[in-house]
Amino acid sequence: MAESIRTTLQEGRVEQETIDRYAEAVAGLIGTENVSSKYIDLMSTCRDYWPVNSIWMLEGAVPALPQLVVWPRTTDEVSRVLALAHEYKIPVVPYGEGSGALGGVIPLEGGVMLDLKRMNRIRNLDRENLLVTVECGLNGALYEEQLNREGYTGGHFPQSLRCSTVGGWLACRAAGQFSTRYGKIEDMAASVEAVLADGTIFRGRSVPRTSTGPRVDHLLIGSEGTLGVITAATLRIWPLPEKRHLASYTFEKTEDGLEAIRLFMRAGTRPAVVRLYDAQETGNHFPELGDQRSALILLIEGNAKIVDAEAEIIAGYASEQGAEDTGPEHVEHWLETRFNISAASRLLQKGAVLDTIEVTTNWHNAHSTYLAMQKALKGVEGTMLASGHWSHVYPDGAALYLTVVGFPAEDKIAYYKQLWEGAMAACLSEGGAISHHHGIGLHRGRWMAEEHGAGLEVLARVKAALDPHGIMNPGKLGLGEVSKWEK
Ligand SMILES: Cc1cc2nc3c(=O)[nH]c(=O)nc-3n(C[C@H](O)[C@H](O)[C@H](O)COP(=O)(O)OP(=O)(O)OC[C@H]3O[C@@H](n4cnc5c(N)ncnc54)[C@H](O)[C@@H]3O)c2cc1C
């Protein structure tokens, strides 16, 4: 039956005889119950949340199919599975929960999907040093719940919390909604444990900082499965906050809201949540506030005295920029609805093409990049909506997140490509970085040369040295040929 399914991006397959021999050897090492070539298993790991996958899925096609799914339970098993794949030269794609937004798990050359969900234990909770050692396949919501029961928080809340894994966060350099206070995943990671393409096990040291040369841990964070498999990590955690303060404001102009944020970040406040919506998103998310002003929602938490001081300082800067205080209830509404993406599924089923594009800007180009990207998206025929917000803020800038919805008259894929061509060109020409937290995956690879310059060649040489047969997640991160998609 697998043969009857149409694949759109399959770049190659491993000879069946080689896969069969490999499967038998792996089953001998880790048990037949941890290896499958059943069609249902191949189908359920072959794609992620990249919207193009959904377009094809609705047409009865998948981008590519793996030939085997393997479920390791320990780091040692990952090491044996990879050492053997290295020997047989079989592609391996690490798979968390497939919530990636850019096609990062698509098995372009077939081979093995390494589904990591059976590695899901918390190995150690170190209360004194506020560190937790956790395996890569643990689901995000379950990770946070387990910490909460012990009186701690991991501080990491991507919108995909309930459908992503700790290993996926590290592999993609993820950012959670509370990131302005707790940091992004790379700030939280004291160390990682990983298995390289040839089966070598690397274990970083969980110390606050080192001056011992470049950190190998940092090379692996964000490598999206192209250098190895992150099998566990020691992450920083926090005691559950003593106090939480919710506040919201609206501004006549979006630029005024951006200026208020720049000033309160410069003053040293670190609210957990900072989200400034353009007028259109304000109207969509908070209809009671209308669609003429820009809404800023804030959540400040931690030590009660620090929270009170931060709330007062922030209110002062908001007021200086002419803000209207709109109270805590809009933030309560956001907290209740923040993981809900059902509207996207409904739109998809009605034939829409939709996506979100997040980039990084400094303060000087935060607004101009928004205007340029929005203009590019609206300029493509068929676009119905291109709106934006800023979040994940820093003293030197912010993430800009655009949502685009369109109903193209003709080819959806061609329309989708046009959207991204315009948006990425606008972002780069304004000086932005092409991704803040969703990563590169398959789709964004084509802009990696412009993003990194000579740095991409450095990454390619690291990849060639660590993975000489190119078995780890081929064609991703702009490091390999992806002729069928880029044509
Ligand atoms: C509705 C929605 C909301 C989202 N919101 C956010 C958000 O707020 N913030 C954010 O940062 N992202 C967000 N994302 C993107 C996505 O959830 C993240 O990139 C997440 O980190 C992926 O985790 P995963 O376990 O699902 O990884 P997968 O999708 O399974 O894999 C992603 C990539 O990482 C690799 N990989 C996975 N696990 C490992 C491992 N253990 N070792 C090595 N490589 C590995 C895969 O090969 C692939 O290249 C969102 C996605 C969706 C669909």
Side-chain angles (χ1 to χ4, degrees), residues 44-51 53-54 66 72 75 78 82 91-108 111-120 134-141 143 156-179 184-186 188 192-197 202 219-233 273 275 338-345 354-356 358 389 391-392 399 401 403 435-445 472-477 479:
S44 57
T45 52
C46 72
R47 65 199 178 93
D48 58 13
Y49 273 73
W50 182 35
N53 286 330
S54 307
T75 302
V78 174
L82 285 193
V92 176
V93 182
Y95 182 86
E97 293 205 29
S99 72
L102 281 306
V105 298
I106 297 173
L108 292 171
V112 176
M113 295 305 296
L114 197 67
D115 187 337
L116 297 154
K117 280 194 282 296
R118 291 184 188 167
M119 294 184 67
N120 59 9
V134 54
E135 291 179 347
C136 59
L138 182 59
N139 169 273
Y143 167 66
H156 190 72
F157 306 95
Q159 194 190 25
S160 55
L161 181 74
R162 295 166 180 163
C163 59
S164 59
T165 62
V166 172
W169 299 344
L170 287 152
C172 297
R173 282 180 79 87
Q177 294 159 337
F178 286 41
S179 76
K184 283 67 193 171
I185 198 69
E186 69 275 16
M188 295 166 181
V192 303
E193 176 193 271
V195 179
L196 306 182
F202 160 79
L219 189 62
L220 291 158
I221 298 171
S223 61
E224 299 191 20
T226 61
L227 299 182
V229 179
I230 295 172
T231 45
V273 179
R275 298 172 75 85
R338 67 195 167 121
F339 298 124
N340 185 346
I341 56 156
S342 54
S345 309
L354 64 142
D355 208 354
T356 57
E358 32 59 63
H389 68 261
S391 53
H392 310 290
Y401 190 103
T403 298
S435 176
H436 178 268
H437 56 266
H438 282 170
I440 300 301
L442 165 68
H443 174 53
R444 261 194 181 126
M472 292 306 307
N473 205 1
K476 309 297 165 50
L477 217 56
L479 293 174

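Whatever order the structure lists them in is the order used to number ligands and atoms, beginning at 1. Worth saying up front: this structure is predicted, and the values here are computed from it rather than measured.
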- [ ] Apply side-chain contact (heavy atoms from CB on, under 4.5 Å) to the pair Val112 and Val93, showing each step before the final yes or no.
- [x] CA-CA 6 Å; Val112 176; Val93 182; over 6 Å; no

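- Given atom 27 (O) of ligand 1, the protein heavy atom at minimum distance is Gly168 CA, 3.7 Å.
- The closest approach between Gly439 and ligand 1 stays at or above 4.0 Å for every heavy atom of the residue.
- At a 4.0 Å cut-off, not a single heavy atom of Lys476 sits close enough to ligand 1 to count as contact.
- In terms of polar-atom proximity, Tyr49 is not counted as a contact of ligand 1, lacking any N or O under 3.5 Å from an N or O of the ligand.
- Residues Arg444 and Glu358 are paired through a salt bridge, judged by an N-O separation under 4.0 Å between the basic side chain and the carboxylate.
- Ligand 1 has a nitrogen or oxygen under 3.5 angstrom from a nitrogen or oxygen of Gly100.
- The side-chain contact (heavy atoms from CB on, under 4.5 Å) test with Leu220 singles out one residue from Thr226, Leu227, Leu170, and that residue is Leu227.
- Of all protein heavy atoms, the one closest to atom 25 (O) of ligand 1 is Thr165 OG1, 2.6 Å.
- Nearest heavy-atom pair, Gly96 versus Lys117, reported as atom, atom and distance to 0.1 Å: O-NZ, 3.1 Å.
- The shortest contact between atom 36 (N) of ligand 1 and any protein heavy atom is with Ala171 CB, 3.6 Å.
- The distance from ligand 1 to the heavy atoms of Trp169 drops below 4.0 Å at these ligand atoms: 21 (O).
- At under 3.5 Å, not a single nitrogen or oxygen of Ser164, backbone or side chain, sits near a nitrogen or oxygen of ligand 1.
- Taking 4.0 Å as the cut-off, Gly228 counts as a neighbour of ligand 1 on heavy-atom distance.
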Open item on the list: Using side-chain contact (heavy atoms from CB on, under 4.5 Å), reason through Gln177 and His392 one step at a time and then give a plain yes or no.
Closed with: CA-CA 7 Å; Gln177 294 159 337; His392 310 290; 5.5 Å; no

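- For atom 31 (O) of ligand 1, the closest non-hydrogen atom on the protein side is Val105 CG1, 3.5 Å.
- The contact set between ligand 1 and Cys136, taken as ligand atoms under 4.0 Å from a residue heavy atom, comprises 41 (N).
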Open item on the list: Arg338 vs Gln159, test: side chain to side chain donor-acceptor pair (under 3.5 Å). Steps then yes/no.
Closed with: CA-CA 7 Å; Arg338 67 195 167 121; Gln159 194 190 25; over 6 Å; no

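- Of all the heavy atoms of Leu116, the ones lying under 4.0 Å from any atom of ligand 1 belong exclusively to the side chain.
- Below 4.0 Å from some heavy atom of Gly104 lie the following atoms of ligand 1, by number and element: 48 (C), 49 (O).
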- [ ] Carefully, step by step, assess Val105 and Thr45 under the rule side-chain contact (heavy atoms from CB on, under 4.5 Å).
- [x] CA-CA 8 Å; Val105 298; Thr45 52; over 6 Å; no

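- Looking at ligand 1, you'll find an N or O of Ile230 within less than 3.5 Å of one of its N or O atoms.
- Judged by the shortest distance from any of its heavy atoms, Cys163 lies inside the 4.0 Å radius around the atoms of ligand 1.
- Protein heavy atom in closest approach to atom 8 (O) of ligand 1: Gln159 N, 2.8 Å.
- Going from atom CE of Met119 over to atom OG1 of Thr165 covers 11.0 Å, rounded to the nearest 0.5 Å.
- Protein heavy atom in closest approach to atom 14 (N) of ligand 1: Ser160 OG, 3.6 Å.
- Among residues two or more places apart in sequence or in another chain, the salt bridge (charged side-chain N to carboxylate O under 4.0 Å, His left out) test is passed with Glu224 by none.
- There is a side-chain donor-acceptor pair under 3.5 Å between Thr231 and Glu193.
- The residue from Ala175, Pro158, Pro94 that puts a heavy atom closest to atom 11 (O) of ligand 1 is Ala175.
- Scanning for salt bridge (charged side-chain N to carboxylate O under 4.0 Å, His left out) contacts around Arg173 gives Glu186, with sequence neighbours left out.
- Counting atoms of ligand 1 from 1 in the listed order, those under 4.0 Å from a heavy atom of Cys172 are 19 (O), 32 (C), 33 (C), 34 (O).
- Every atom of ligand 1 is numbered from 1 in the order shown, and the set under 4.0 Å from a heavy atom of Ala174 is 11 (O), 21 (O).
- Ligand 1 has a nitrogen or oxygen under 3.5 angstrom from a nitrogen or oxygen of Asn473.
- Closest to atom 20 (C) of ligand 1, if we only count protein heavy atoms, is Ser99 OG, 3.7 Å.
- Residue-environment remark: OH (Tyr49) stays at or below the threshold of 12 foreign heavy atoms within 6.0 Å.
- A tilted orientation is assigned to the rings of His156 and Trp169, their planes being inclined by 30° to 60°.
- Heavy-atom proximity to Ile341, at under 4.0 Å, picks out these atoms of ligand 1: 1 (C).
- For atom 12 (N) of ligand 1, the closest non-hydrogen atom on the protein side is His438 CD2, 3.7 Å.
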- [ ] May I have the step-by-step check of side chain to side chain donor-acceptor pair (under 3.5 Å) for Asn120 and Asn139, ending in yes or no?
- [x] CA-CA 7 Å; Asn120 59 9; Asn139 169 273; over 6 Å; no

Task: Full working for side-chain contact (heavy atoms from CB on, under 4.5 Å) between Leu102 and His438 - done: CA-CA 7 Å; Leu102 281 306; His438 282 170; 3.6 Å; yes

